[in-house]
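Note sheet for the following structure.
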2 protein chains.
Amino acid sequence: MILSDSSQALVLHFGEMGSRWGFNRTVGQILALLTIHPEPLNADQLAQALHISRGNVSMGLKELQAWRLIERQHQPGDRKEYFTPAGSIWDMARVVFEERRKRELDPTLTLLRQQLLETPQTHNETQTQEKMQEIYDLLEQLNTFANALHDMNPERLKTLMSMGSGVSKVLNFGAKKKVS
Amino acid sequence: MILSDSSQALVLHFGEMGSRWGFNRTVGQILALLTIHPEPLNADQLAQALHISRGNVSMGLKELQAWRLIERQHQPGDRKEYFTPAGSIWDMARVVFEERRKRELDPTLTLLRQQLLETPQTHNETQTQEKMQEIYDLLEQLNTFANALHDMNPERLKTLMSMGSGVSKVLNFGAKKKVS
DNA sequence: TAATACTTTCAGAAATTTCTGAAAGTATTA
DNA sequence: TAATACTTTCAGAAATTTCTGAAAGTATTA
């Protein structure tokens with residue numbers, strides 16, 4: 001397995017971006033390679049192509065399966081396990097989006113909800129709670145919005161995204177309609 | 001400077017979440033403390049309250065200023081520099097959102113644009129380019145959408161978010177309108 | 001100008017994350 | 001059942017990130 005310059009560049013880049021997107025370098029590289037490679041790949045092929053140890057590949061694949069981004073496949077007559085992306089690019093984006101929503105918003109919402117149940121004992125604590133309420137309201141609304149996006153079917157989502165700046169206009173109309 | 005249990009909990013939590021949101025533990029803690037504390041704080045107060053070194057506070061403050069999340073202030077008759085959040089909670093969310101869009105999408109869009117300019121030499125490379133085009137289209141649309149959100153004024157954004165699941169309905173209307 | 005009161009920098013230490021590769025585990029074939 | 005062909009686990013090594021605190025830098029006051 002030898003990668004073209006172009007594939008190589010993409011794989012390395014996804015490795016670097018991995019940590020920004022929620023996984024580590026190796027996981028990013030494995031995901032990129034499985035995504036652009038037309039055929040399913042096995043763990044040995046991945047280790048060889050990416051120059052990483054067999055054990056590391058195993059851990060990376062485990063994580064990508066936990067994210068539900070890749071799937072195991074068996075090739076007839078071959079005892080090895082092969083892997084492919086679990087869906088289209090759009091499906092993968094939705095999975096990453098939802099997982100990140102969970103990791104980045106849910107824990108904080110839970111904490112704030114707890115803190116807001118406490119009865120403030122001093123003037124200072126009252127002020128603190130007011131700030132927390134503000135943060136809570138913001139995150140709660142972000143969360144609702146993210147869920148609304150996530151619950152759309154891919155087609156509608158695609159349409160929405162492709163509207164680009166037209167979104168603002170449409171939303172404005174919607175808002176007025178809602179208010180009136 | 002002694003923190004209430006409630007403030008303490010929030011500060012520690014923001015420290016833990018920091019890395020998910022794009023900064024490190026200390027930076028997260030400093031931001032949380034400045035946000036919920038009603039008065040501006042100086043570097044010594046932050047170091048003491050968070051039990052971290054003075055140098056670390058200095059680096060954290062520098063980073064938060066680079067993000068434009070906090071501002072320096074001077075108290076009359078005091079030589080120390082004091083810090084407060086640079087805007088409302090909503091302003092801060094917008095800044096973080098935009099910064100993350102830049103860091104998480106722009107570099108990949110740039111790379112893909114470059115790769116797509118190359119002329120594929122083999123059948124394999126053609127297939128790879130097709131995949132890259134798919135990824136590019138998705139990220140490009142995500143990017144346009146993120147920009148549309150970002151360019152809205154906070155009021156409209158707030159209205160939109162508060163519509164919750166109603167968003168889907170309104171967007172659907174918009175989509176139909178666009179298509180017809 | 002010198003002394004004072006602050007802030008910033010940065011080399012190395014500490015903490016954390018990632019990775020390797022040998023050993024253990026599992027499933028298939030002979 | 002034993003041998004073979006794979007996969008997973010995990011202790012410790014390597015790499016990376018974060019943090020400390022002393023030294024250097026800067027601005028204000030005497």
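Quick caveat: nothing in here was measured; it's all calculated off a predicted structure.
The shortest non-hydrogen separation linking A:L149 to A:F97 is CD1-CZ, 4.2 Å. In this structure, B:V11 and B:A32 approach most closely via the heavy-atom pair CA-CB, 4.0 Å. Residues B:W67 and B:G22 come closest through the heavy atom pair CZ2-O, 3.6 Å. Residues B:P85 and B:T35 come closest through the heavy atom pair CG-CA, 3.8 Å.
Positionally, the nearest nucleotide of DNA chain D for A:R79 lies more toward the 5' end than for the other of B:I52 and A:R79. Comparing B:R25 and B:N42 by the nucleotide of DNA chain C that holds the closest heavy atom to each, the one mapping nearer the 5' end is B:N42.
Near DNA chain D, defined here as any heavy-atom distance below 4.0 Å, the residues from residues 54-77 of chain B are B:G55, B:N56, B:M59, listed numerically.
Remark: the B:N147 side chain and the B:T144 side chain contain no N/O donor-acceptor pair separated by less than 3.5 Å. A donor-acceptor contact under 3.5 angstrom links the side chains of A:Q133 and A:D137, judged on distance only.
Across all strands shown, C:dA5 pairs with D:dT26; the Watson-Crick or G-U wobble distances both stay below 3.5 Å. Nucleotide C:dG21 has D:dC10 as its partner under the Watson-Crick or G-U criteria, with both atom distances under 3.5 Å.
In summary, A:E104 and B:R100 engage in a salt bridge, as defined by a charged side-chain N under 4.0 Å from a carboxylate O.
Taking the 5' to 3' direction, DNA chain D first and last meets chain B under 4.0 angstrom from a heavy atom at D:dT18 to D:dT29.
With A:L109 as the partner, the side chain to side chain contact (heavy atoms under 4.5 Å, CB included) test is satisfied by one option alone out of A:L142, A:I135, A:L139: A:L139.
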